[in-house]
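Fair warning: this is a prediction, and the values are worked out from it, not measured in the lab. Hydrogens, waters and symmetry mates are skipped; everything else that's a heavy atom, side chains included, is used.
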Amino acid sequence: MHLPLYHPILHLVLVWKHVFFGQCFRICEMWRKAADSRVPLVRQMKDMPEPNMDYSNLRRQIISMKKSLFDQGYLDEQFNQLEELQDDSSPNFVEEVVALFFKDSSRLLTNIEQALEKHPQDFYRLDSLAHQFKGSGSSIGALRMKNECSMFKAHCSNRNLEGCRRSLQKMKREHATLKQKLETYFQLLRQVGPRERAVNSWK
């Protein structure tokens with residue numbers, strides 16, 4: 001039995017480890033600077049810049065964009081559950097998880113495409129790869145992608161090679177569209193307040 005290429009639990013453990021040690025370092029550094037300058041830490045915090053005047057407008061944009069992602073069927077409740085795990089100690093937690101997803105799912109799409117070219121009649125292999133892709137999409141709530149994977153798997157059950165090829169193109173389009181939309185969503189979130197760069201590249 002093959003283990004899935006994308007394991008969300010392992011990724012969550014690694015992300016939390018990175019966030020925890022990063023936060024400890026930043027807190028220690030702030031206290032050190034406060035001691036060196038003999039300026040109380042509370043005063044340093046008060047001296048931090050005020051939020052951008054466009055904060056309310058950005059928040060409205062974020063809420064509107066997220067609502068459209070749900071209304072248009074790009075995301076489902078699983079994405080909300082991920083966001084509930086995010087807090088001030090891990091402000092870019094969801095972005096890190098989503099970045100890991102897109103990195104691994106891109107590889108899975110390539111594997112499906114290669115399997116269609118080299119083993120077009122091996123529908124068991126194609127179904128297995130599509131199942132992995134669907135599972136990784138489910139982990140972040142990628143609803144449209146998940147639905148298109150179900151269509152691909154149905155074509156595998158019917159041994160419909162042309163149907164598989166058409167579904168693969170739709171899966172690739174949904175993957176690219178969701179990636180673009182979520183990149184924009186996280187860019188807006190980073191403008192609202194302090195955000196760290198995600199550990200893994202979107203590319």
- Can you establish whether the number of heavy atoms outside Q169 located under 6.0 Å from its atom CD is more than 12? yes
- For Y185 against E83, the heavy-atom pair lying closest together: OH-OE2, 2.8 Å
- Query: Of the non-hydrogen atoms in F133 and C149, which two are nearest, and what is the gap between them?
  - Reply: CD2-SG, 3.0 Å
- Same apolar cluster: I63 and V94, side chain cutoff 4.5 Å: no
- Non-hydrogen atoms of L82 and I140 that approach each other most closely: CD1-CA, 3.9 Å
- Task: For residues S136 and L108, report the shortest heavy-atom separation together with the two atoms involved.
- Result: OG-CD1, 4.0 Å
- Query: Salt bridge or not for K134 and E148, using N-O below 4.0 Å?
  - Reply: no
- Message: Main chain of E174, side chain of T177: is a donor-acceptor contact present, judged purely on distance under 3.5 Å?
- Response: no
- Message: I'd like to know whether L75 forms a side-chain contact (heavy atoms from CB on, under 4.5 Å) with L143, so could you lay out the CA-CA distance, the side-chain angles of the two residues, the decisive distance to 0.1 Å, and finally the verdict.
- Response: CA-CA 5 Å; L75 297 175; L143 182 58; 5.9 Å; no
- Task: For K170, look at atom NZ and say whether over 12 heavy atoms of other residues, nucleotides or ligands are found less than 6.0 Å away.
- Result: no
- Would you kindly confirm whether V98 and I62 end up in one hydrophobic cluster when ILVMFWY residues are joined by side chain heavy atoms under 4.5 Å apart? yes
- Do H155 and F123 have their ring centres less than 6.0 Å from each other? no
- Between D127 and F152, does a side-chain contact (heavy atoms from CB on, under 4.5 Å) hold up when you go through it step by step? CA-CA 8 Å; D127 182 84; F152 185 97; over 6 Å; no
- Task: Indicate yes or no for a side-chain donor-acceptor contact from D87 to the backbone of S89 under 3.5 Å, with no hydrogens or angles considered.
- Result: yes
- Test: R144 cationic atom under 6.0 Å from Y74 six-membered ring centre, within 45° of axis: yes
- Query: So, does N160 use its side chain to make a donor-acceptor pair with the main chain of C156 at under 3.5 Å?
  - Reply: no
- Task: From the options N111, L126, D122, L129, select the one residue that forms a side chain to side chain contact (heavy atoms under 4.5 Å, CB included) with L116.
- Result: L126
- Task: Indicate whether any N or O donor in one side chain lies under 3.5 Å from an N or O acceptor in the other, for N80 and E77.
- Result: yes
- Task: Specify whether F70 and F79 have parallel, tilted or perpendicular ring planes, treating 30° as the upper limit for parallel and 60° as the lower limit for perpendicular.
- Result: perpendicular
- Flag side-chain contact, heavy atom, 4.5 Å: R165 against E162: yes
